[in-house]
Amino acid sequence: MRTLTPAELVLMKKACALTHDALEKAESLVKAGISTFELDKLIEKYIIESGGYPACKGYEGYPYATCISVNEMVVHGMPSKDIILKEGDIVSIDLCVEYKGLIGDAARTFPVGKISPEKARLIEVTKQSFFEGIKNLKVGHRLGELSHAIQTYVEKNGYSLVRELTGHGIGRKMHEPPNIPNYGKVTDGPMVIADVCLAIEPMVNMGRKEVWLMEDGWGVITRDGKPSAHYENTVLVTSNGIEILTL
């Protein structure tokens, strides 16, 4: 867990504002008939024209500006001309924007047109689990308090949490220590310190928690083929409380 200097925090807040704006742009583009490849290109263009850089592009060889995951794809879906959004789908868009060396990270799951009540509830519970979790994100408390709160809320609502993927610290690198699971005991994890940024990201499955890694080495899908949703923000922890930088 690395503290950010006051100068870094100024740049981090700008990176996160650009991340937020890029996701709002993404939401405006989501519609039946568009390919995930076209979505990616339009979002990338918007990020660059806004003065940022799509930090996902080139990360460990990843070739796209965003991760776009449809229905049973949990995360890290690679944009494709062959994946066309259709009415009733849900689509998770995860993106990172770099601004002068600092990186913001956020994700949302959007409906494509009119979706089923079951999918709408999945999206809402996933989003709310983030807010239930951050109620417990405090300096001097263990990260496990956040993880446990997310797990408790999600499982109380009848859903499951992916175990293989976690939230993380963030700053000059996209992924910094510590890993932040979305499940666990209140006694787990390190103590939270001030002036750190954390990417908190519940990944919630409608069915079972088990997942597969796709042959492309990136995409992660639910084993039972049921839908999954994703909600993420970059959060600044201070001695006076928390600030959600990508909201």
Side-chain angles (χ1 to χ4, degrees), residues 1-27 40 43-67 75-76 93-108 127 130-131 133-147 150 165-182 189-202 230-247:
M1 208 178 297
R2 185 178 71 84
T3 60
L4 275 67
T5 67
E8 286 177 321
L9 285 172
V10 170
L11 298 176
M12 182 56 132
K13 288 180 179 182
K14 176 63 174 179
C16 288
L18 292 173
T19 303
H20 164 270
D21 292 349
L23 275 174
E24 284 210 329
K25 178 65 174 180
E27 182 176 19
D40 176 78
I43 296 166
E44 178 180 13
K45 182 173 183 285
Y46 178 84
I47 290 170
I48 292 169
E49 289 178 348
S50 299
Y53 180 79
C56 290
K57 193 166 189 176
Y59 179 77
E60 295 188 353
Y62 187 78
Y64 298 102
T66 63
C67 297
V75 288
H76 304 159
I93 300 179
D94 187 1
L95 57 87
C96 298
V97 178
E98 180 181 343
Y99 179 78
K100 296 186 178 179
L102 277 295
I103 299 171
D105 188 2
R108 302 284 187 270
K127 177 181 177 179
F130 166 88
F131 290 98
I134 63 170
K135 291 176 185 177
N136 302 272
L137 183 58
K138 300 173 184 177
V139 172
H141 290 237
R142 290 202 179 274
L143 268 176
E145 294 183 34
L146 173 144
S147 303
I150 291 172
L165 301 155
T166 69
H168 49 89
I170 189 166
R172 289 193 174 274
K173 296 180 180 178
M174 190 187 304
H175 293 105
E176 298 184 356
N179 289 333
I180 308 170
N182 295 303
M191 293 289 190
V192 179
I193 60 176
D195 301 321
V196 299
C197 282
L198 305 173
I200 312 298
E201 50 178 320
H230 187 196
Y231 187 86
E232 176 184 20
N233 283 302
T234 298
V235 178
L236 168 63
V237 185
T238 76
S239 54
N240 296 318
I242 62 170
E243 186 178 348
I244 306 170
L245 300 183
T246 47
L247 197 61

Should [X] and [Y] count as side-chain neighbours, where that means a heavy-atom distance under 4.5 Å?
X      : Y      : value
Leu4   : Leu236 : no
His175 : Glu60  : no
Lys100 : Leu102 : no
Asp21  : Ser50  : no
Tyr64  : Ile43  : no

Counting N and O atoms only, with roles assigned by atom type, does the side chain of [X] sit under 3.5 Å from a partner on the main chain of [Y], one being a donor and the other an acceptor?
X      : Y      : value
Thr66  : Leu95  : no
Thr234 : Thr246 : no
Thr238 : Asn240 : yes
Ser147 : Pro181 : yes

Is the shortest side-chain N to carboxylate O distance from Glu49 to Lys25 below 4.0 Å? no
Do Glu232 and Asp105 pass the side-chain contact (heavy atoms from CB on, under 4.5 Å) test, and can you show the C-alpha distance, the side-chain angles, and the key distance before you say yes or no? CA-CA 7 Å; Glu232 176 184 20; Asp105 188 2; 2.9 Å; yes
Begin from the C-alpha positions of Glu145 and Lys138 and carry the test side-chain contact (heavy atoms from CB on, under 4.5 Å) through to its verdict. CA-CA 9 Å; Glu145 294 183 34; Lys138 300 173 184 177; over 6 Å; no
Measure across [X] and [Y] and return the closest heavy-atom pair with its distance rounded to 0.1 Å.
X      : Y      : result
Ile103 : Ala55  : CG2-CB, 4.1 Å
Leu198 : Gly169 : CD2-CA, 4.0 Å
Ile48  : Pro54  : CG1-CD, 4.0 Å
Asp195 : Leu9   : OD1-CD1, 4.4 Å
Ile170 : Lys173 : CG1-O, 3.6 Å

Checking side-chain polar atoms at under 3.5 Å, does Asn233 have a donor or acceptor matched by the opposite partner on Arg108? yes
Could you tell me if Tyr62 and His76 have a donor-acceptor pair between their side chains, going purely by distance under 3.5 Å? no
Step by step, work out the side-chain contact (heavy atoms from CB on, under 4.5 Å) result for Leu146 and Val192. CA-CA 10 Å; Leu146 173 144; Val192 179; over 6 Å; no
When you look at Phe130 and Ile244, which way does the side-chain contact (heavy atoms from CB on, under 4.5 Å) test go after all the steps? CA-CA 11 Å; Phe130 166 88; Ile244 306 170; 3.9 Å; yes
